[in-house]
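Just the heavy atoms: all of them, side chains too, but no hydrogens, waters or symmetry mates, feed the values below. Below, read A as the first sequence line, B as the second, and so on, with proteins coming before strands; counting in each chain starts at 1.
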Number of protein chains: 4
Amino acid sequence: MTKKTRAGGVAVDQLRSIVQRIEKLEEEKAAIAADIRDVFAEAKGNGFDTKAIRSVIKLRKMDAQEVEEQETVLDTYRRALGMLPEMASEDEMEAA
Amino acid sequence: MTKKTRAGGVAVDQLRSIVQRIEKLEEEKAAIAADIRDVFAEAKGNGFDTKAIRSVIKLRKMDAQEVEEQETVLDTYRRALGMLPEMASEDEMEAA
Amino acid sequence: MTKKTRAGGVAVDQLRSIVQRIEKLEEEKAAIAADIRDVFAEAKGNGFDTKAIRSVIKLRKMDAQEVEEQETVLDTYRRALGMLPEMASEDEMEAA
Amino acid sequence: MTKKTRAGGVAVDQLRSIVQRIEKLEEEKAAIAADIRDVFAEAKGNGFDTKAIRSVIKLRKMDAQEVEEQETVLDTYRRALGMLPEMASEDEMEAA
DNA sequence: AACGTTGAAATAGTTC
DNA sequence: GAACTATTTCAACGTT
């Protein structure tokens with residue numbers, strides 16, 4: 001009998017290869033995630049505010065336009081809810 | 001002047017309603033979370049191991065979910081990888 | 001024989017009561033969480049930016065001081081990394 | 001003038017180093033995530049059900065973890081609630 | 001290509 | 001205050 005390569009209609013060897021490759025990559029990914037955690041822990045130990053560092057990194061990843069857009073919508077809502085001083089609205093402009 | 005309903009292009013009343021409804025619901029949710037904490041505190045006061053109780057509840061939730069697992073392609077793959085006992089394969093069926 | 005109320009040294013009835021009460025409360029909590037999701041979904045359907053709404057709600061929950069503090073640290077770091085224009089530093093003040 | 005190492009009270013060089021190290025690691029992590037996506041894409045191209053493969057990998061991870069579960073108070077409670085077959089109880093042992 | 005769904009990452013809260 | 005857990009947020013994936 002030939003070595004089993006198909007079971008239930010699937011190519012066992014190929015499937016096993018796929019699963020193993022992914023598991024290997026996920027291990028590597030997890031290792032790097034652990035490294036990142038270590039750096040944050042070290043930073044914290046040196047008195048840095050890790051939450052702020054995360055924010056900085058996030059801002060650096062976004063391009064300027066994205067930052068602009070997000071803050072615009074948020075500010076619009078805050079103004080609508082009276083959380084920020086109002087700017088001249090379109091309506092008021094027209095009325096003028 | 002009509003009552004302001006739009007500012008900066010947003011429907012103020014609608015936005016305010018959304019925010020208030022969510023905040024109300026989050027209050028209720030927080031109240032229930034407090035109740036849960038109380039029950040755990042009481043249990044602990046009566047000598048129970050709260051960590052174990054948490055585990056039990058989690059397991060009961062998992063058991064309930066696992067019932068509805070789909071058992072099709074997944075099982076085939078698991079069998080192919082030796083994670084489940086094999087069934088008679090198509091090939092073997094043909095051979096019979 | 002009396003009805004079993006202890007097994008392995010545990011007060012079964014009491015334990016069962018605790019578990020059931022918690023499960024009941026967690027059901028209620030899950031229901032409210034679903035309601036919240038519904039409100040967000042409805043808001044989205046009406047063209048609102050749900051992420052911004054989440055931010056608004058978070059800001060309303062924080063008091064002004066908290067917001068202030070967070071932004072201060074972040075800005076300090078951004079300045080340190082040249083992401084924002086510098087302010088007069090302490091050192092420079094001394095030098096003057 | 002000495003090279004600037006502190007601004008607004010923060011150690012600039014150290015902060016910059018932290019941020020760069022994290023960004024470097026995140027790049028590597030993203031690269032690996034891309035590799036994983038490639039493997040899935042290839043698998044899909046070869047006719048495999050990627051969703052099922054994901055399930056298999058998840059199950060293999062769970063199996064590995066469940067081995068190390070603690071089996072003490074938890075089991076006692078599960079037995080008390082009928083989630084596990086009973087063992088001879090202390091009382092019954094005494095009775096014998 | 002937007003939508004909901006799902007899984008991972010991050011934050012907040014709790015316990016010791 | 002450090003570790004663990006739980007909740008919340010964010011991103012990826014398949015789907016329509």
Side-chain angles (χ1 to χ4, degrees), chain A residues 22 25-27 29-30 32-45 47 49-58 61-62 66 70, chain B residues 22 25-26 29-30 32-34 36-41 43-45 48-59 61-62 65 69-70 73, chain C residues 22 25-26 29-30 32-34 36-38 40-59 61-62 66 70, chain D residues 22 25-26 29-30 32-41 43-45 48-59 61-62 65 70 74:
Chain A
I22 293 169
L25 289 167
E26 291 198 336
E27 258 179 57
K29 191 152 78 85
I32 292 176
D35 289 346
I36 292 173
R37 252 178 274 121
D38 289 345
V39 177
F40 274 113
E42 182 195 326
K44 185 174 193 170
D49 179 332
T50 58
K51 191 173 173 184
I53 292 179
R54 283 177 204 277
S55 295
V56 165
I57 290 171
K58 192 183 292 182
K61 199 159 21 176
M62 288 190 200
E66 271 178 296
Q70 276 201 212
Chain B
I22 292 168
L25 289 167
E26 291 197 337
K29 192 151 77 84
I32 292 177
I36 292 173
R37 248 178 278 122
D38 289 346
V39 178
F40 274 114
K44 188 173 192 170
F48 288 95
D49 178 335
T50 58
K51 188 174 172 187
I53 293 179
R54 282 178 202 279
S55 296
V56 166
I57 291 170
K58 188 186 294 182
L59 286 168
K61 208 187 298 185
M62 283 175 60
Q65 289 173 343
E69 287 249 333
Q70 60 171 1
V73 186
Chain C
I22 293 168
L25 289 167
E26 291 198 336
K29 191 151 77 85
I32 293 177
I36 293 173
R37 251 178 276 120
D38 289 346
F40 274 113
E42 182 194 327
K44 185 174 195 170
N46 288 331
F48 288 95
D49 179 330
T50 58
K51 192 173 171 183
I53 292 179
R54 284 177 203 278
S55 296
V56 165
I57 291 171
K58 190 183 294 181
L59 287 170
K61 200 161 17 177
M62 288 191 200
E66 271 179 296
Q70 276 200 211
Chain D
I22 292 168
L25 288 166
E26 290 198 336
K29 191 151 76 87
I32 292 176
D35 289 347
I36 292 173
R37 250 177 275 122
D38 288 346
V39 177
F40 274 113
K44 186 173 193 171
F48 288 96
D49 179 334
T50 59
K51 188 175 173 186
I53 292 178
R54 283 177 202 279
S55 296
V56 166
I57 290 170
K58 187 188 296 180
L59 287 167
K61 207 186 300 184
M62 284 175 59
Q65 288 173 343
Q70 61 171 359
L74 177 54

Next item on the list: Of all the heavy-atom pairs spanning C:E66 and C:M62, show the shortest one and how long it is.
Entry: OE1-CA, 3.5 Å

Checklist line | Closest non-hydrogen atom pair, A:F40 against A:T50 | finding: O-CG2, 3.6 Å

Under the rule for side-chain contact (heavy atoms from CB on, under 4.5 Å), what residues qualify as partners of [X], not counting sequence neighbours?
X: D:A33; value: A:K29, D:R37
X: C:A30; value: none
X: B:D38; value: B:D35

Run the side-chain donor-acceptor check on residues 51-58 of chain C: report pairs under 3.5 Å with partners two or more places apart or on a different chain.
unit_1	atom_1	unit_2	atom_2	d
C:K51	NZ	A:Q70	OE1	3.4
C:S55	OG	C:K51	O	3.3

Would you tabulate the nitrogen or oxygen pairs shorter than 3.5 Å linking the protein to nucleotides 2-5 of chain E?
none

Notebook entry, point to check: In whole angstrom, what separates B:I57's CD1 from F:dT5's C1'?
Noted result: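 From B:I57 CD1 to F:dT5 C1': 14 Å.
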
Notebook entry, point to check: Rounded to the nearest Å, what distance is computed from the CG atom of residue B:D38 to the C1' atom of nucleotide E:dT14?
Noted result: 14 Å

Checklist line | Which residues share a side-chain hydrogen bond (donor to acceptor under 3.5 Å, both in side chains) with C:E42, sequence neighbours left out | finding: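 Here the qualifying residues are B:R21.
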
Next item on the list: Sugar-phosphate atoms are those with a prime plus P, OP1 and OP2; base atoms are the rest. Using that split, label each nucleotide of nucleotides 7-13 of chain F B, S or - for protein heavy atoms under 4.0 Å, 5' to 3'.
Entry: SSS---S

Check: In chain order, what residues pass the salt bridge (Lys or Arg N to Asp or Glu O under 4.0 Å) check against D:E26, with sequence neighbours excluded?
Finding: A:K61

